[in-house]
Participant: 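The structure under discussion is supplied below as structure tokens; questions concerning it will follow.
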Amino acid sequence: MTTSKTLIRGAKVLGGEPQDVLIDGETITQVGAGLSAEGAEVVEAGGKVLLPGLVDLHTHLREPGREDSETVLTGTRAAASGGYTNVFAMANTFPVADTAGVVEQVWRLGQESGYCDVQPIGAVTVGLEGRKLAELGAMHESAAGVTVFSDDGKCVHDAVIMRRALEYVKAFDGVVAQHAQEPRLTEGAQMNEGVVSAELGLGGWPAVAEESVIARDVLLADHVGSRVHICHLSTAGSVEIVRWAKSRGIRVTAEVTPHHLLLTDELVRSYNPVYKVNPPLRTERDVRALREALADGTIDIVATDHAPHPHEDKDCEWAAAAMGMVGLETALSVVQETMVDTGLLDWAGVADRMSFTPARIGRAEGHGRPVSAGEPANLTLVDTAYRGPVDPAGFASRSRNTPYEGRELPGRVTHTWLRGKATLVDGKLT
């Protein structure tokens with residue numbers, strides 16, 4: 001991967017009229033019609049859509065400790081394949097990323113990979129146990145410069161601990177990202193609580209277990225005057241709570257995953273553990289509400305919750321299977337299918353929800369920037385006319401637990417540039 005001049009010719013910048021984009025070194029130097037540059041490598045975009053490099057605020061890279069599922073290298077290769085130039089790595093590793101030493105290790109592994117910038121997320125509590133605040137200040141002051149803190153995988157269920165965390169991060173404009181799940185209401189839960197769970201006899205995960213925590217936390221954030229971010233929001237009721245909180249001026253942001261925009265709990269009738277995820281797949285009514293909320297800005301961003309698992313953790317009976325799905329390499333295609341092809345968002349809206357806003361929430365410097373002269377050349381080129389089946393055998397991720405195997409999805413990322421360096425060319429990693 002060498003930095004040089006690159007001329008992207010005829011690209012639809014954010015879905016607009018075709019333009020040429022010239023990259024020189026790490027920077028976009030010109031955007032316009034009929035550009036030329038001696039010695040530049042020319043990429044014929046042919047009407048493909050050019051977006052700022054995507055930013056994922058919710059990725060599980062598993063390293064350290066579960067390298068059988070994913071590593072920082074394989075995860076960032078998957079990210080580049082999906083058009084991402086920056087990902088935020090969740091803290092539920094082994095050991096947990098609850099100290100400056102662990103977050104710096106993850107950050108340095110990201111630097112060494114060269115495929116994508118990695119910003120570690122620090123744990124809110126020691127060991128994700130929910131009892132004692134982790135070293136939030138030390139992680140922020142470390143080389144990793146942590147700004148986002150989360151016990152994702154577990155809920156910060158103690159209201160006092162959550163309040164203290166919000167107070168602490170306010171000092172440096174950090175944000176607490178909450179996995180909203182009241183643990184007592186979800187004991188033994190296997191899927192969404194509703195008609196399907198009753199018919200299948202599987203333990204239900206009720207919507208109120210998510211909604212009650214969100215309601216509490218937006219009130220705490222209002223009381224403290226701090227920022228709270230809601231991870232993988234999944235119910236129509238949660239949308240209404242966030243909408244109300246925003247109308248009150250409370251500093252809350254929220255994300256939705258691609259799979260919650262497309263899939264419903266009806267798929268669980270197959271008992272295929274690939275559909276087992278936390279929070280669970282919800283109803284068609286919830287899916288419609290999530291799409292509308294992403295379109296109107298109530299939900300701020302799309303985040304993958306990329307959760308790789310080895311084959312043996314998914315190829316088993318439903319009750320024993322791990323929860324989670326890989327998502328980095330299919331996210332943009334799912335968003336095109338559910339939001340763009342349905343007319344709910346244009347490509348400028350996709351750039352906002354998948355690059356500009358997640359970068360702003362996470363304070364990802366140099367990412368989520370306009371495609372214009374003088375800006376860092378973090379870019380992704382998408383063939384939006386493509387449509388084809390998902391083949392996990394070709395994934396760059398170490399894991400294959402995708403719910404889309406064999407399903408036809410639109411769009412294909414052909415090129416990704418990280419600060420002017422091509423990490424993906426013609427759909428192949430460099």
Side-chain angles (χ1 to χ4, degrees), residues 54-61 87-92 121 124 128 148-157 175-183 185-186 189 191-193 205-218 228-243 245 252-265 267 274-283 286-287 289-294 298-309 322-328 330-331 334-335 338-339 353-354 357-358 361-362 401-403:
L54 306 184
V55 176
D56 188 18
L57 202 65
H58 192 149
T59 302
H60 296 273
L61 295 181
V87 298
F88 285 73
M90 278 295 176
N92 57 341
I121 291 176
V124 176
L128 309 181
V148 183
F149 299 87
S150 181
D151 277 3
D152 183 63
K154 295 183 179 180
C155 178
V156 183
H157 59 84
V175 62
V176 178
Q178 175 70 292
H179 174 117
Q181 177 184 359
E182 168 50 55
L185 290 173
T186 55
M191 66 170 296
N192 178 56
E193 181 179 284
W205 200 122
V208 70
E210 173 175 302
E211 294 158 8
S212 60
V213 173
I214 294 173
R216 182 202 73 179
D217 286 353
V218 296
V228 66
H229 177 76
I230 309 303
C231 295
H232 43 48
L233 184 150
S234 70
T235 78
S238 295
V239 167
E240 291 308 311
I241 295 166
V242 170
R243 184 173 283 129
V252 57
T253 53
E255 70 189 33
V256 65
T257 70
H259 48 271
H260 285 114
L261 291 171
L262 181 60
L263 310 176
T264 74
D265 60 355
L267 291 164
V274 76
Y275 299 118
K276 188 176 181 182
V277 66
N278 184 352
L281 301 179
R282 303 291 189 180
T283 67
D286 293 310
V287 168
L290 295 173
R291 292 185 187 184
E292 291 166 4
L294 183 64
T298 301
I299 296 175
D300 301 83
I301 66 170
V302 176
T304 69
D305 193 9
H306 175 80
H309 292 291
M323 293 183 175
M325 304 168 172
V326 292
L328 286 168
T330 52
V334 175
V335 170
T338 58
M339 301 301 296
R353 307 310 194 270
M354 299 186 73
T357 302
I361 293 170
N401 52 305
T402 174

Participant: Within a strict 4.5 Å, meaning less than it, do heavy atoms of the Leu262 and Arg291 side chains meet?
Facilitator: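 Counting from C-beta outward, Leu262 and Arg291 do come under 4.5 Å.
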
Participant: Run the side-chain contact (heavy atoms from CB on, under 4.5 Å) test against Ala91 and tell me which residues pass, sequence neighbours left out.
Facilitator: Ala97, Ala123

Participant: Go through the structure and list residues passing ring pair (Phe, Tyr, Trp, His ring centres under 6.0 Å) with His179, not counting sequence neighbours.
Facilitator: His232

Participant: Can you measure from CG (Leu261) to CG (Asp286) and round to the nearest 0.5 angstrom?
Facilitator: 12.0 Å

Participant: Would you mind reporting whether Ile299 and Val242 have side-chain heavy atoms less than 4.5 Å apart?
Facilitator: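 Not in contact.
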
Participant: Please check if the side chain of Asn401 supplies one atom and the backbone of Gly324 the other of a donor-acceptor pair under 3.5 Å.
Facilitator: yes

Participant: At their closest point, which heavy atom of His306 faces which heavy atom of Leu328, and how far apart are they?
Facilitator: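 The answer is ND1-N, 3.4 Å.
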
Participant: Compare every heavy atom of Ala289 with every heavy atom of Val239, then report the nearest pair and how far apart it is.
Facilitator: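 Heavy atoms only, the tightest pair is CG2-O, 4.2 Å.
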
Participant: So which atom in Leu233 and which in Ala254 form the shortest heavy-atom distance, rounded to 0.1 Å?
Facilitator: CD1-CB, 4.0 Å

Participant: Indicate the atoms forming the closest heavy-atom contact of Gly362 with Val148, along with that distance.
Facilitator: CA-CG2, 3.9 Å

Participant: Any side-chain heavy atom of Val334 sitting closer than 4.5 Å to one from His259?
Facilitator: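 Side-chain contact under 4.5 Å: no.
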
Participant: Atom CD of Glu211 and atom CD of Glu182: how far apart are they, to the nearest 0.5 Å?
Facilitator: 13.0 Å

Participant: For residues Val213 and Cys155, determine if any side-chain heavy atom of one lies less than 4.5 Å from a side-chain heavy atom of the other.
Facilitator: yes

Participant: Please enumerate all residues that pass salt bridge (charged side-chain N to carboxylate O under 4.0 Å, His left out) together with Glu210, with sequence neighbours excluded.
Facilitator: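 For Glu210 the salt bridge (charged side-chain N to carboxylate O under 4.0 Å, His left out) partners, ignoring immediate neighbours, are Arg282.
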
Participant: Quick check: closest heavy atoms across Pro308 and Val326, and the distance to 0.1 Å?
Facilitator: CA-CG1, 3.7 Å

Participant: Is there a side-chain contact between Ile214 and Val218 in this structure, where contact means two heavy atoms from C-beta onward sitting under 4.5 Å apart?
Facilitator: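 Yes, their side chains come closer than 4.5 Å.
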
Participant: Give, for atom CG of Asp152 and atom CG of Asp305, the distance between the pair rounded to the nearest 0.5 Å.
Facilitator: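 The CG atom of Asp305 is 6.0 Å from CG of Asp152, to the nearest 0.5 Å.
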
Participant: Side chains of Asp265 and Thr283: closer than 4.5 Å at any heavy-atom pair?
Facilitator: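 The answer is yes; the side chains approach within 4.5 Å.
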
Participant: Go through the structure and list residues passing salt bridge (charged side-chain N to carboxylate O under 4.0 Å, His left out) with Arg353, not counting sequence neighbours.
Facilitator: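 By the salt bridge (charged side-chain N to carboxylate O under 4.0 Å, His left out) rule, Arg353 matches no residue at all.
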
Participant: With a 4.5 Å heavy-atom cut-off, do Ile230 and Ser238 have their side chains touching?
Facilitator: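 A side-chain contact under 4.5 Å is absent here.
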
Participant: Would you say the side-chain atoms of Asn192 pair up with the backbone N or O of Leu281, donor to acceptor, closer than 3.5 Å?
Facilitator: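 Checking the backbone N and O of Leu281 against the side chain of Asn192, no donor-acceptor pair under 3.5 Å is found.
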
Participant: Give a yes or no answer on whether the side chain of His260 reaches the backbone of Pro279 with a donor-acceptor pair at less than 3.5 Å.
Facilitator: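 It does hold such a pair.
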
Participant: Rounded at 0.5 Å granularity, tell me how far CD in Gln181 sits from NE2 in His157.
Facilitator: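 Separation between the atoms: 10.5 Å.
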
Participant: Are any non-hydrogen side-chain atoms of Tyr275 and Met191 less than 4.5 angstrom apart?
Facilitator: no

Participant: For Thr253, check side chain to side chain donor-acceptor pair (under 3.5 Å) against everything at least two apart and list the hits.
Facilitator: His229

Participant: I need the Thr298 OG1 to Glu292 CD distance, nearest 0.5 Å.
Facilitator: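 Separation between the atoms: 10.0 Å.
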
Participant: Output all residues satisfying side chain to side chain donor-acceptor pair (under 3.5 Å) with Asp56, sequence neighbours left out; order by chain, then residue number.
Facilitator: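 Testing Asp56 for side chain to side chain donor-acceptor pair (under 3.5 Å), a comparison that skips the adjacent residues, returns Thr59, Thr304.
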
Participant: In Å and rounded to the nearest 0.5 Å, what is the CE to NE2 distance from Met325 to His309?
Facilitator: 10.0 Å

Participant: Which atoms form the tightest heavy-atom contact between Ala189 and Met323, and what is the distance?
Facilitator: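 Smallest interatomic distance, heavy atoms only, reads O-CE, 3.8 Å.
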
